[in-house]
Q: 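Quick one: structure below, then a few questions.
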Amino acid sequence: MTTDADRPDDPIDRNTSRRRPKAEMLQIGERKLRPATLMMGHGYDAALSEGALKPPIFLTSTFMFESAAAGKRHFEGITGKRPGGAEGLVYSRFNGPDQEILEDRLGIWEEAEDALVFSSGMSAITTVMLAHVRPGDTIVHSSPLYAATEGLISRLLANFGIKWLDFPAGATRDEIDAVLHRASHGRVPLIFLESPANPTNALVDIEAVRASRDAIFAEEDRPLIAIDNTFLGPLWQCPLHHGADLVVYSLTKYVGGHSDLVAGGAMGSKSAIAPIRAIRNTIGTIVDPHTAWMLLRSLETLELRMSRAGENAAKVCTWLRDQPKVDRVGYLGFLEEGSRQADIYRRHCTGAGSTFSLYLKGGEKEAFAFLDALKLAKLAVSLGGTETLASHPAAMTHLSVPPERKAALDIGDNLVRISIGVEDADDLIADFEQALRAV
Ligand SMILES: *Cc1c(COP(=O)(O)O)cnc(C)c1O
């Protein structure tokens, strides 16, 4: 019979599998290894998988226990009877080897204690919200948010008695203070940010949000600060360093990076992640093993892909900006020196990304002519893939946004959204040049 006395001296204190190597190699001598290096091996012990260099895809719905006592221990961890989560794998709605390795590797990029992966960016955001909000609460958020996130808050969660207040993405400390003061009359469990915002590219001052929250809320009532880092993370913005408690992702975009999967993630401290894990365990919003495996492959080239896309975008935007048929280019590399947005960028970001707004001279007719003439860039929504994508927010992603709000967000009929990929930059410029001629 196995008893507690048979447990190893150093029980692993989190949701973890036997496939995890005993001692993780995070440094060589004094040198701390960089994420790009760790993506090739971290969290995987080949000796536990017949020496397979790459982690196999574990297609199983359930896992065998070594003993009945071990099964009981695992369930004590899963149900929260014992702190620290399960010590082994139990059932694939809770976790699996591929997903655990992926979570470990995503945590490396954000320097987060813990991470969770989900079946989509929206299921990540929904699970985060369900874990923290109750009827009568107010969610404070920056504005605009990804359209489905706005809908989740203002329509779905509103049905359950949850209210919201917002401040514009570029808000100053005083403006953030004013909104948090108003909200602080009730319970505020969550401040939800998105930076840069879609499609305006407006940046949120995470440091100011953190300072404002800490000044306005007593320690025991402090809302978690969560941020959607899909557009610049993990390479160009690390929000946990600037005061966020939780980072969420659509891994569908740059992290997946090949426009061939849908997935999401959340990273943060163990205490911020624990209640979200409990809800994910209950409702099963975890990503499947095959998609997790695809993401492991994607992570090996993440830095290469994002760096190349970022360099390409800088070249393309610099060229576009001078074209006579272009009104202006909304690109984070072109923020006005001395402006508040440039100040936020300098403090929070290390790169301008590869997704930007191109405002043509004219309206829908000119924008559609441009889009229809593109030969290399593909006409599709989404972003962050190896291939360049172009779309028309006013007629596509933001079609249902009321006209006044469209005007306030600068979503005109002349706006084309572009996500630059890893093609040759001069080939892309040639494509945009011939498409502009067709306008
Ligand atoms: C795409 C996206 C989402 C939603 O992610 P899915 O993976 O499509 O569910 C959320 N936030 C941002 C900023 C996005 O771009």
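Because the structure is predicted, anything quoted here is derived from the model rather than measured.
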Q: Are side-chain N/O atoms of Tyr249 and Glu110 paired as donor and acceptor at under 3.5 Å?
A: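 Short answer, yes.
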
Q: When you measure from the side chain of His132 to the backbone of Leu130, do you find a donor-acceptor pair of N or O atoms at a distance under 3.5 Å?
A: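 No, the answer is negative, given that no donor and acceptor are paired below the 3.5 Å cut-off.
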
Q: Answer whether the closest heavy-atom distance between the side chains of Leu376 and Thr388 falls below 4.5 Å.
A: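 SC-SC contact between Leu376 and Thr388 ruled out.
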
Q: Hey, is the main chain of Glu303 close enough, under 3.5 Å, to the side chain of Ser307 for a donor-acceptor pair?
A: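 Flag set: sc Ser307 to bb Glu303 pair under 3.5 Å.
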
Q: Going by heavy atoms in the side chains, are Val140 and Leu180 under 4.5 Å from each other?
A: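 Yes, side chains in contact.
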
Q: Do Thr126 and Val128 come within less than 4.5 Å of each other through their side chains, counting heavy atoms only?
A: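 A side-chain contact is absent here, since even the closest heavy-atom pair is not under 4.5 Å.
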
Q: Flag the pair Asp245 / Arg213 as yes when at least one side-chain heavy-atom distance between them is below 4.5 Å, and no otherwise.
A: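 The answer is yes, as the side chains (C-beta and beyond) meet within the 4.5 Å cut-off.
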
Q: Before you tell me yes or no, could you show the steps for Leu299 and Leu106 under side chain to side chain contact (heavy atoms under 4.5 Å, CB included), namely the whole-Å CA-CA distance, both residues' side-chain angles and the distance that decides it to 0.1 Å?
A: CA-CA 8 Å; Leu299 282 178; Leu106 285 170; 4.1 Å; yes

Q: Examine the side chains of Ser142 and Glu194 and answer whether a donor and an acceptor come within less than 3.5 Å of each other.
A: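 On atom types as modelled, these side chains do not qualify, holding no pair under 3.5 Å.
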
Q: Do Glu103 and Asn95 have side-chain N/O donor and acceptor atoms under 3.5 Å apart?
A: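 The criterion, which ignores hydrogens and geometry beyond distance, is satisfied for Asn95 and Glu103.
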
Q: Determine whether the side chains of Ser354 and Tyr254 contain a donor N or O and an acceptor N or O closer than 3.5 Å.
A: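 Side chains of Ser354 and Tyr254: pair found under 3.5 Å.
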
Q: Before you tell me yes or no, could you show the steps for Arg187 and Asp137 under salt bridge (charged side-chain N to carboxylate O under 4.0 Å, His left out), namely the whole-Å CA-CA distance, both residues' side-chain angles and the distance that decides it to 0.1 Å?
A: CA-CA 5 Å; Arg187 204 181 90 100; Asp137 285 354; 2.8 Å; yes

Q: Look only at the side chain of Ser339 and the backbone of Ala342, and say whether a donor-acceptor pair between them is shorter than 3.5 Å.
A: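 Yes; at least one donor-acceptor contact below 3.5 Å.
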
Q: If you apply the rule side chain to side chain contact (heavy atoms under 4.5 Å, CB included), what do you find for Leu302 with Leu235, and how did you get there?
A: CA-CA 8 Å; Leu302 179 67; Leu235 219 56; 5.6 Å; no

Q: Quick check: closest heavy atoms across Leu145 and Leu193, and the distance to 0.1 Å?
A: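 Heavy-atom minimum between the residues: CD2-C, 4.4 Å.
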
Q: Could you check whether any side-chain heavy atom of Val248 comes within less than 4.5 Å of a side-chain heavy atom of Phe192, counting everything from C-beta outward?
A: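 Side-chain contact under 4.5 Å: yes.
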
Q: Taking the side chain as everything from C-beta on, heavy atoms only, tell me whether Thr350 gets closer than 4.5 Å to Gln237.
A: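 A side-chain contact is absent here, since even the closest heavy-atom pair is not under 4.5 Å.
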
Q: Can any side-chain N or O of Ser120 pair as donor or acceptor with the backbone N or O of Ser123 at less than 3.5 Å?
A: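 Yes, because the side chain of Ser120 sits within donor-acceptor range (under 3.5 Å) of the backbone of Ser123.
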
Q: Donor-acceptor check, side chain of Asp104 to backbone of His42, threshold 3.5 angstrom: yes or no?
A: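 No, Asp104 side chain to His42 backbone: no donor-acceptor pair under 3.5 Å.
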
Q: Can you tell me if Arg328 uses its side chain to pair, donor with acceptor, with the backbone of Tyr359 under 3.5 Å?
A: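 Here the side-chain-to-backbone pair does not exist.
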
Q: With sequence neighbours left out, write down each residue that passes side chain to side chain donor-acceptor pair (under 3.5 Å) with Thr252, or none if nothing qualifies.
A: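 With sequence neighbours excluded, Thr252 shows a side chain to side chain donor-acceptor pair (under 3.5 Å) to Ser250, given in chain and number order.
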
Q: Only counting residues at least two apart or in another chain, list the ones meeting side chain to side chain donor-acceptor pair (under 3.5 Å) with Glu150.
A: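 Partners of Glu150 by the side chain to side chain donor-acceptor pair (under 3.5 Å) criterion, ordered by chain and then number, come out as Arg405.
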
Q: Please round to the nearest 0.5 Å and tell me the distance separating atom CZ of Arg31 and atom CG of Leu26.
A: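 Spacing of CZ (Arg31) from CG (Leu26) equals 13.0 Å.
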
Q: Do the charged groups of Glu76 and Lys81 touch, with an N to O distance under 4.0 Å?
A: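 No salt bridge links Glu76 with Lys81.
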
Q: Ignoring hydrogens and angles, state whether a donor on the side chain of Arg417 or Ser357 is under 3.5 Å from an acceptor on the partner side chain.
A: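 There is such a pair (donor and acceptor under 3.5 Å, judged by atom type) between the side chains of Arg417 and Ser357.
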
Q: Going by the rule side chain to side chain donor-acceptor pair (under 3.5 Å), which residues pair with Ser419 if we only count those two or more places apart in sequence or in a different chain?
A: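 Scan of Ser419 (side chain to side chain donor-acceptor pair (under 3.5 Å), adjacent residues dropped) gives none.
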
Q: Would you say the side chains of Thr285 and Ser119 form a donor-acceptor pair under 3.5 Å?
A: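 Side-chain D/A pair, Thr285 to Ser119: absent.
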
Q: Could you give all pairs that pass the ring pair (Phe, Tyr, Trp, His ring centres under 6.0 Å) test and reach residues 210-247, with sequence neighbours left out?
A: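 Sorted pair list: His242-His348.
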
Q: Table please: side-chain donor-acceptor pairs of residues 329-338 below 3.5 Å, with sequence neighbours left out.
A:
none

Q: For Ser212 and Ala208, indicate whether the former's side chain and the latter's backbone hold a donor-acceptor pair under 3.5 Å.
A: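 Between the backbone of Ala208 and the side chain of Ser212 there is no qualifying donor-acceptor contact (under 3.5 Å).
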
Q: Please confirm whether the backbone N or O of Thr62 pairs with a side-chain atom of Thr60, one donor and one acceptor, at under 3.5 Å?
A: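 Looks like yes, one N/O pair under 3.5 Å.
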
Q: Applying the salt bridge (charged side-chain N to carboxylate O under 4.0 Å, His left out) criterion to Asp205, which one of Arg346, Arg173, Arg210, Arg347 satisfies it?
A: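 Exactly one candidate clears the test, Arg347.
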
Q: Taking the side chain as every heavy atom from C-beta outward, state whether Pro196 and Leu232 have any pair of such atoms under 4.5 Å apart.
A: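 Side chain of Pro196 against side chain of Leu232, heavy atoms only: contact under 4.5 Å found.
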
Q: Please work out whether the ring planes of His141 and Trp164 are parallel, tilted or perpendicular, with thresholds of 30° and 60°.
A: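 His141 and Trp164: tilted rings.
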
Q: Could you work out, with salt bridge (charged side-chain N to carboxylate O under 4.0 Å, His left out) as the rule, every residue matching Lys54, not counting sequence neighbours?
A: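 Only Glu300 meet the salt bridge (charged side-chain N to carboxylate O under 4.0 Å, His left out) criterion with Lys54.
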
Q: Tell me whether Arg222 is salt-bridged to Asp214, with the criterion being a basic N under 4.0 Å from an acidic carboxylate O.
A: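 A salt bridge is present here (some side-chain N lies under 4.0 Å from a carboxylate O).
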
Q: Would you say the side-chain atoms of Asp228 and Thr230 include a donor-acceptor pair closer than 3.5 Å?
A: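 Thr230 and Asp228 do have a side-chain donor-acceptor pair below 3.5 Å.
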
Q: I'd like to know if Lys375 and Asp431 make a salt bridge, using a cut-off of under 4.0 Å between side-chain N and carboxylate O.
A: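 Judged by the 4.0 Å cut-off on N to carboxylate O distance, Lys375 and Asp431 do not form a salt bridge.
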
Q: Can you tell me if Arg105 uses its side chain to pair, donor with acceptor, with the backbone of Met39 under 3.5 Å?
A: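 Yes; at least one donor-acceptor contact below 3.5 Å.
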
Q: Cation-pi check for Phe118 against Arg280: NZ or CZ below 6.0 Å from the six-membered ring centre and within 45 degrees of the axis, yes or no?
A: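 Yes, Arg280 lies over the aromatic ring of Phe118.
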
Q: Where does the angle between the aromatic ring planes of Phe94 and Tyr91 fall among parallel (under 30°), tilted (30 to 60°) and perpendicular (over 60°)?
A: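 Geometry flag for Tyr91 against Phe94: perpendicular rings.
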
Q: Is there a donor-acceptor pair closer than 3.5 Å between any side-chain N or O of Thr200 and the backbone N or O of Leu409?
A: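 No.
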
Q: A side-chain contact here means heavy atoms from C-beta on lying under 4.5 Å apart; do Asp98 and Ile57 qualify?
A: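 Yes - at least one pair of side-chain heavy atoms lies under 4.5 Å apart.
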
